[in-house]
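Below is one structure, written out as structure tokens, with a few remarks after it.
So that the names make sense, note that chain A is the first sequence line, chain B the second, and so on, each numbered from 1. Remember, predicted model here, so these are calculated numbers, not experimental data.
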There are 4 protein chains.
Amino acid sequence: MLKERAEQILASARILFGERGMHGVSVRDIAEHAGVKKAAVFYYFDGKDDLLERILAGYYASHAAALESAFQAGGTLRERLQGTIDAYLDFVLANGNYARLVQGLIASNPEWHRHLQRNLEPLFRWTQAALSELSPEQGPLAARQFFITLSGAVINTFTYAPVLELMWGDDPLSEAGIAERRAHLHWVVDALMDKLQASQDR
Amino acid sequence: MLKERAEQILASARILFGERGMHGVSVRDIAEHAGVKKAAVFYYFDGKDDLLERILAGYYASHAAALESAFQAGGTLRERLQGTIDAYLDFVLANGNYARLVQGLIASNPEWHRHLQRNLEPLFRWTQAALSELSPEQGPLAARQFFITLSGAVINTFTYAPVLELMWGDDPLSEAGIAERRAHLHWVVDALMDKLQASQDR
Amino acid sequence: MLKERAEQILASARILFGERGMHGVSVRDIAEHAGVKKAAVFYYFDGKDDLLERILAGYYASHAAALESAFQAGGTLRERLQGTIDAYLDFVLANGNYARLVQGLIASNPEWHRHLQRNLEPLFRWTQAALSELSPEQGPLAARQFFITLSGAVINTFTYAPVLELMWGDDPLSEAGIAERRAHLHWVVDALMDKLQASQDR
Amino acid sequence: MLKERAEQILASARILFGERGMHGVSVRDIAEHAGVKKAAVFYYFDGKDDLLERILAGYYASHAAALESAFQAGGTLRERLQGTIDAYLDFVLANGNYARLVQGLIASNPEWHRHLQRNLEPLFRWTQAALSELSPEQGPLAARQFFITLSGAVINTFTYAPVLELMWGDDPLSEAGIAERRAHLHWVVDALMDKLQASQDR
DNA sequence: GATGAATGAGTATTCATTCAT
DNA sequence: TATGAATGAATACTCATTCAT
């Protein structure tokens with residue numbers, strides 16, 4: 001779709017924004033990383049904000065697509081939730097800096113909140129729909145609470161990773177690390193579903 | 001301890017850094033917010049980094065203190081974990097921008113990772129010690145996995161709040177919102193402990 | 001080689017650094033003197049240090065070239081020494097602020113010593129080579145002593161000039177002044193050579 | 001005369017100005033070096049310029065005194081010149097940073113030229129008086145030419161020292177280095193006097 | 001389609017100096 | 001006699017962006 005040149009720039013911006021956050025990266029940095037003249041960045045894009053917007057748009061599109069198919073897969077609710085967790089994990093894994101970028105943005109750039117909200121919305125709607133059988137609309141077991149808890153559990157895997165690596169010595173995002181984390185999250189979902197269904201049965 | 005003027009400046013920095021992240025705030029902003037001349041900031045502090053360092057130091061000290069007493073309280077493991085979750089929640093609640101500041105820093109300023117790690121360390125050690133009875137050293141049920149999951153569940157309550165507010169219309173950090181969240185987290189801890197103990201008994 | 005604009009800036013820096021020393025001149029001063037916006041200075045150069053470095057590099061290159069041909073000219077040792085003095089004098093004369101710049105740097109900016117040394121080195125080596133027939137390696141008549149004495153005698157002509165002008169009323173760097181100084185230096189070289197050869201003959 | 005505190009500050013300023021030049025030293029640096037509060041510097045002195053002025057005044061007074069006695073000693077002209085060179089050398093040696101300070105000032109701070117001139121004046125008058133028997137008023141052998149040549153030969157010993165040390169490996173201002181230099185300068189004076197008297201006799 | 005040149009507005013930080021106490 | 005507090009003005013340097021070519 002985009003010219004090769006533009007894709008190059010976008011890719012560099014994606015990497016750098018993810019690593020150092022929007023404010024921590026200059027257009028010069030992006031151009032240099034992309035092996036392109038600074039003015040080219042402005043030729044292909046409408047500036048730094050545009051760059052970020054497109055990166056987010058790309059992420060959101062594939063993020064939503066990834067989760068949608070998981071949500072809409074067949075099987076029990078539990079299986080679909082596990083599938084969604086897997087899809088989420090796989091997506092963030094495949095889109096290296098997504099988690100850090102969004103988290104950094106959410107935590108430090110109020111001007112992007114509305115933007116982020118628009119794109120978080122579908123994810124939330126799906127969670128809500130998926131859990132509607134078991135989850136009340138309000139209260140501590142409402143879908144929205146699980147939304148926060150589970151997305152926090154997934155996202156933090158990635159945002160905390162560089163700090164945890166310093167602490168543990170080994171990389172939490174290595175293949176083994178991710179496998180362990182995935183098993184843990186599955187176990188957590190099981191635990192939550194067990195209890196949710198138990199309280200339902202009562 | 002610090003002079004009134006310095007306290008004033010530190011408070012402003014705490015607020016602004018929390019709202020917009022370190023890079024998003026200029027010394028000028030801080031000075032203006034504090035009602036002080038820009039040069040006064042440099043008179044009382046050694047620059048922006050020093051300011052951030054002191055803010056973090058303050059946070060960490062009270063954060064650690066808050067969690068320590070919870071970890072070391074009596075009662076069953078389950079009660080102590082619930083107490084810790086409560087303490088964590090209360091701490092972040094009382095230190096408005098702590099979560100956003102740290103999360104923004106972790107996600108966008110690699111140069112602060114080491115610093116953050118030093119102060120996350122005791123928290124992790126305590127979790128590990130607390131869970132040692134039930135939790136294996138390695139694998140999906142290792143303490144470190146619960147550390148990520150639970151701190152993510154707490155932290156995200158706050159970092160996602162402004163975006164969720166846009167989505168839900170009501171403030172997730174209102175008294176009611178926090179009460180609901182707290183109940184949810186207690187329920188989650190129960191769910192996890194139930195399953196952990198069940199697998200132990202087998 | 002350099003763009004006109006850059007040359008302009010460099011020229012202004014050369015003048016101002018020479019007049020007031022590195023620390024005594026701000027980038028603003030340079031920009032104003034060059035009739036250029038301050039940011040343009042940073043567009044063309046990597047900052048103040050870069051500017052100084054290039055000025056020095058330029059000076060050194062032409063300085064070395066000027067002295068080299070004199071050292072390597074034919075004739076008796078005495079003639080070659082006289083030629084070198086002339087070349088030195090002519091060079092400093094043609095590069096107005098060279099002497100003041102270097103002297104100011106040497107006397108007040110330790111961080112530039114290494115840099116200055118690297119470029120003084122070839123000059124010293126040549127003196128040493130030139131005098132090797134007459135001069136012992138060590139002691140009061142070693143080449144290095146003559147190096148200091150003679151370069152001091154030349155350099156001081158220029159560095160002291162503005163103060164001497166206040167004292168004498170007439171400009172030591174006027175054509176007549178320089179002619180007188182040149183004759184004096186030739187006389188001095190003759191005096192030194194006479195005595196050096198006399199002690200050799202004995 | 002001055003309070004101990006003031007003397008302390010003056011001493012520190014003397015050292016630092018000599019090492020890094022006036023512009024390279026801040027009042028803060030001086031205060032810290034002197035182990036005194038910054039405001040104390042302004043209490044005892046009228047600011048940075050005043051400090052420099054007093055340092056120079058002190059130097060000049062002792063400089064003039066040192067040379068005066070040498071000039072006015074008995075003996076042949078040659079002996080008196082040698083004595084003066086010795087006195088000059090000894091003075092600069094005893095007043096470590098004098099040469100560097102003055103040279104740095106002369107080469108980079110036009111505003112101090114008048115000041116320096118006033119204090120160079122007596123030195124020049126004495127040289128002129130001393131050489132009046134042998135030296136014509138005008139031309140290449142005028143006293144003023146010898147003034148430049150000889151003071152340059154002495155002064156450069158000190159200003160170039162740190163750079164020459166990098167080049168030679170050993171310290172030109174060590175006891176041995178100075179002894180060699182002193183012998184060299186005596187030899188130079190002899191050479192100049194020999195030739196001057198020879199041309200006189202003709 | 002691409003870019004070298006240029007810049008206005010901003011950044012963190014330093015510094016000599018003043019002054020109330 | 002001293003100094004902590006305070007600051008206006010300056011400093012080197014960065015940056016997103018524009019625009020003529």
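- Under 3.5 Å, the side chains of D/Gln117 and D/Glu121 contain a donor-acceptor pair of N or O atoms.
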* Asked: Quick one: what's the B/S/- string for nucleotides 12-21 of chain F, heavy-atom cutoff under 4.0 Å, read 5' to 3'?
  -> SBBSBBB---

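- Distance D/Ile9 CD1 to F/dA2 C1': 11 Å, rounded to the nearest Å.
- With sequence neighbours excluded, no residue forms a salt bridge (charged side-chain N to carboxylate O under 4.0 Å, His left out) with B/Arg118.
- One interatomic measurement links the two molecules: CD of B/Glu32 to P of F/dT7, which rounds to 14 Å at whole-angstrom precision.
- Separating the OH atom of B/Tyr43 from the P atom of E/dA16 is a distance of 16 Å, rounded to the nearest angstrom.
- In terms of heavy-atom proximity, C/Leu56 sits nearest to C/Leu105 at CD1-CD2, 3.7 Å.
- As rounded to whole Å, 15 Å separates atom C1' of F/dA2 from atom CD of D/Glu4.
- Classification of the D/Tyr98-D/His63 ring pair by plane angle, with boundaries at 30° and 60°, yields perpendicular.
- Not counting sequence neighbours, A/Asp46 has no partner by the salt bridge (charged side-chain N to carboxylate O under 4.0 Å, His left out) test.
- Checked by atom type and distance alone, the side chain of D/Arg100 pairs as donor or acceptor with a backbone atom of D/Glu19 at under 3.5 Å.
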Review item, side-chain donor-acceptor pairs of residues 34-42 of chain A, under 3.5 Å, at least two apart:
none

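- Taking a pair as Watson-Crick or G-U with both hydrogen-bonding distances under 3.5 Å, the stems of three or more pairs touching DNA chain E are E:2-21 with F:2-21.
- Under the rule for a side chain to side chain contact (heavy atoms under 4.5 Å, CB included), the partners of D/Glu32 that lie at least two apart in sequence or sit in another chain are D/Arg28.
- The interatomic distance linking D/Lys37 (NZ) with E/dA16 (C1') rounds to 19 Å, in whole Å.
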